[in-house]
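To start, the structure itself, in structure tokens.
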Amino acid sequence: MPRTMPSSISNRKVAKSAPPVKPAAFRSALLGWYDAHARVLPWRARGGKTADPYHVWLSEVMLQQTTVQAVIPYFGKFVDKWPRVQNLAAAQDDEVMHAWAGLGYYARARNLLKCARVVAETHSGVFPDTVDTLKSLPGIGDYTAAAVAAIAFNRVETVIDGNVDRVVSRWFAIETPLPDSKPEIRAQAKTLFEHKGSDRPGDFAQAMMDLGATICIPQNPRCDLCPVSKGCQGRAKGIAAELPRRKPKAAQPRRAGYVYWIENERGEILFETRPGRGLLGGMVGLPTSDWVGWPAGQRKWPEIDHKGGHISAMKIADDNSMKSDLKIRHTFTHFDLELRGVLAKVKTRSFKITDDQFWVPATEITALGLPTVFRKFTRLMDGT
DNA sequence: TGTCCACGTCT
DNA sequence: AAGACGTGGAC
């Protein structure tokens, strides 16, 4: 371990007059740390090889708003099923939605397939290597374009994800709350990413994100292990752990509804493919009522019109039952949902279903590829 | 239990 | 350009 001054003394000095940030020193310290501590991830090149652009793109889309741990098994599944972008481009829509089930933000899967088809058809299966062209592809925005250009093509780009926001906010002690601090974070990040002599842009981008994911973590940052703690102004001011500040968010609204478990005389359960856009777009799910707003603080289960939504068209049999213990809760991005189960046994002959609905043998439900909100309920029903 | 992460992209 | 869009894990 290198000898260090007592932190209380050095911190006090730095806090009075923060030293000018030296991007070159930051860069070499961070890259040195990365060489020793880079996470080993299935989409990363090893031993000085260049990463496969298809792997980089696929992983980066999966990593949008999603943790590495959740992504790893899905990445393996996709690469096994579709080893090259041309294979993915040739896949059926429902195969891809099925493979994506559980990962969330299902618009990503729809755009992933669209993007694969554009790359296969109009780019001869070769990923474009510039930010501007990448950004023109479906599902690729500022972050993913910069990440792919830097990591797969070693282009000098400023790659800003949530990790980088945090590292930069702390290093420069940016106290303005997000999202107002966005322009300042970008400007400061640029001084690190696009410094003269940026010879390993892909590694540098990944190093910044690894640092944010493993050392400069949201709570209780491990400054003792940080390769760039010495120049960190947030640490010097003793506020690193509080950064980045954020504007307070409004409390999530609540919604409630019924989920229908409709069984026919063969023991099959009714499922449906949801509309192609919007919430859980293109995914398979159980039929439900509409989900109605439920003001925060209200204790009583809200009135839900059983005749609204799907239920009227279905003419649930008289022996339907509602069990209050068949209840699941699920948090979406912008609301909390509580669903109660309604059980019904119907005769196929007298029960009309829509074009989007189909019967599934109970034993095949797990193979269906359901979004988590519905998997929670099917697990309740089969006791697992 | 509830809060945060989680700016990422599209509309 | 503000709101829509999932999930699971840490604490």
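Quick note on labels: first sequence line is chain A, next is B, and so on, each numbered from 1. Computed over heavy atoms, backbone and side chain alike; hydrogens, waters and symmetry mates excluded. Remember, it's a predicted structure, so these values are computed and weren't measured experimentally.
Using a 4.0 Å cut-off, no side-chain N or O of A:R110 falls inside it from OP1 or OP2 of C:dC5. For A:H330 and C:dG6, the shortest distance from a side-chain N or O to OP1 or OP2 is not below 4.0 Å. Between A:R246 and B:dC5, a side-chain N or O to OP1/OP2 separation shorter than 4.0 Å is present. Using a 4.0 Å cut-off, some side-chain N or O of A:H334 falls inside it from OP1 or OP2 of C:dC5. OP1 or OP2 of B:dG2 has at least one side-chain nitrogen or oxygen of A:R329 nearer than 4.0 Å. Considering only side-chain N and O atoms, A:Y105 lies nowhere under 4.0 angstrom from the phosphate OP1 or OP2 of C:dA4.
Taking the six-membered ring where the residue is Trp, the centroids of A:W43 and A:F75 are separated by under 6.0 Å. No close placement of the A:H195 and A:F26 rings is indicated, their centers lying 6.0 Å or farther apart.
Going from atom CD of A:Q64 over to atom P of B:dA6 covers 15 Å, rounded to whole Å. The distance between atom CE of A:M209 and atom P of B:dG8, rounded to the nearest whole Å, is 10 Å. If you take CZ of A:R222 and P of C:dC11, they are 10 Å apart, rounded to a whole angstrom. Between the C1' atom of C:dT7 and the NZ atom of A:K376 lies a distance of 8 Å, rounded to the nearest Å. Distance, A:L63 CG to C:dG6 C1': 15 Å, rounded to whole Å. Following rounding to the nearest Å, A:I328 (CD1) and C:dG6 (P) show an atom-to-atom distance of 14 Å. Between the P atom of B:dC7 and the NZ atom of A:K247 lies a distance of 14 Å, rounded to the nearest Å. Between A:L112 atom CG and C:dG6 atom C1' there is a gap of 16 Å when expressed in whole angstrom units.
For the residue pair A:Q64 and A:T144, a side-chain donor N or O sits within less than 3.5 Å of a side-chain acceptor on the partner.
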Could you provide the dot-bracket string of DNA chain B, using ( ) for intrastrand pairs, [ ] for crossing pairs and | for bases paired to another strand, with Watson-Crick or G-U pairs below 3.5 Å? .||||..||||

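On the P atoms, C:dG6 is 14 Å away from B:dT11, given to the nearest whole Å. For B:dA6 and C:dC11, the P atoms lie 14 Å apart once the distance is rounded to whole Å. Here, B:dC5 and C:dC5 have their P atoms 22 Å apart, quoted to the whole Å.
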Would A:H330 and A:F332 satisfy ring pair (Phe, Tyr, Trp, His ring centres under 6.0 Å), going step by step from the backbone distance to the final call? CA-CA 6 Å; A:H330 189 76; A:F332 289 95; 4.8 Å; yes

Would you please test A:S350 and A:K347 for side-chain contact (heavy atoms from CB on, under 4.5 Å) and show each step? CA-CA 6 Å; A:S350 58; A:K347 298 270 184 263; 3.6 Å; yes

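Here the side chain of A:D165 is nearest to one of B:dC7, C:dG8, B:dT9, namely B:dC7. Here B:dG8 is the nucleotide among B:dA6, B:dG8, C:dG6 with the atom lying nearest to any side-chain atom of A:Q65. The listed nucleotides are B:dG8, C:dG6, C:dT7; the one nearest the side chain of A:T372 is C:dT7. The side chain of A:F332 lies closest to C:dG6, out of B:dC5, C:dG6, B:dG8.
When hydrophobic clusters are built by joining Ile, Leu, Val, Met, Phe, Trp and Tyr residues whose side-chain heavy atoms come closer than 4.5 Å, directly or via intermediates, A:F193 is grouped together with A:V168. Taken together through direct or relayed side-chain contacts under 4.5 Å among Ile, Leu, Val, Met, Phe, Trp and Tyr, A:L103 and A:Y105 form parts of separate hydrophobic clusters.
When the nearest nucleotides of DNA chain C are assigned to A:Q219 and A:R108 by heavy-atom distance, the more 5′-ward of the two goes with A:R108. Between A:T66 and A:K114, the residue whose closest nucleotide on DNA chain B is further toward the 5' end is A:T66. Taking the nucleotide of DNA chain C with the nearest heavy atom to each of A:R277 and A:T67, the more 5' of the two is matched to A:R277.
Judged by a 6.0 Å distance limit and a 45° cone about the ring axis, A:R254 is not positioned over the six-membered ring of A:F335.
Note on A:R255 versus A:D336: no salt bridge recorded, every NZ/NE/NH1/NH2 to OD/OE distance being 4.0 Å or above.
Of the residues in residues 131-147 of chain A, those with a non-hydrogen atom less than 4.0 angstrom from any atom of DNA chain B are A:L137, A:P138, A:G139, A:I140, A:G141, A:D142, A:Y143, A:T144.
In this view, A:Q206 and A:Y34, A:R44, A:I151, A:D203 satisfy the side-chain contact (heavy atoms from CB on, under 4.5 Å) rule, not counting sequence neighbours.
Taking 3.5 Å as the limit, the base of C:dG6 and the side chain of A:T333 contain a donor-acceptor pair of atoms between them. Side-chain atoms of A:T331 and base atoms of C:dG6 include no donor and acceptor less than 3.5 Å apart.
Around NZ of A:K190, the count of heavy atoms belonging to other residues, nucleotides or ligands within 6.0 Å does not exceed 12.
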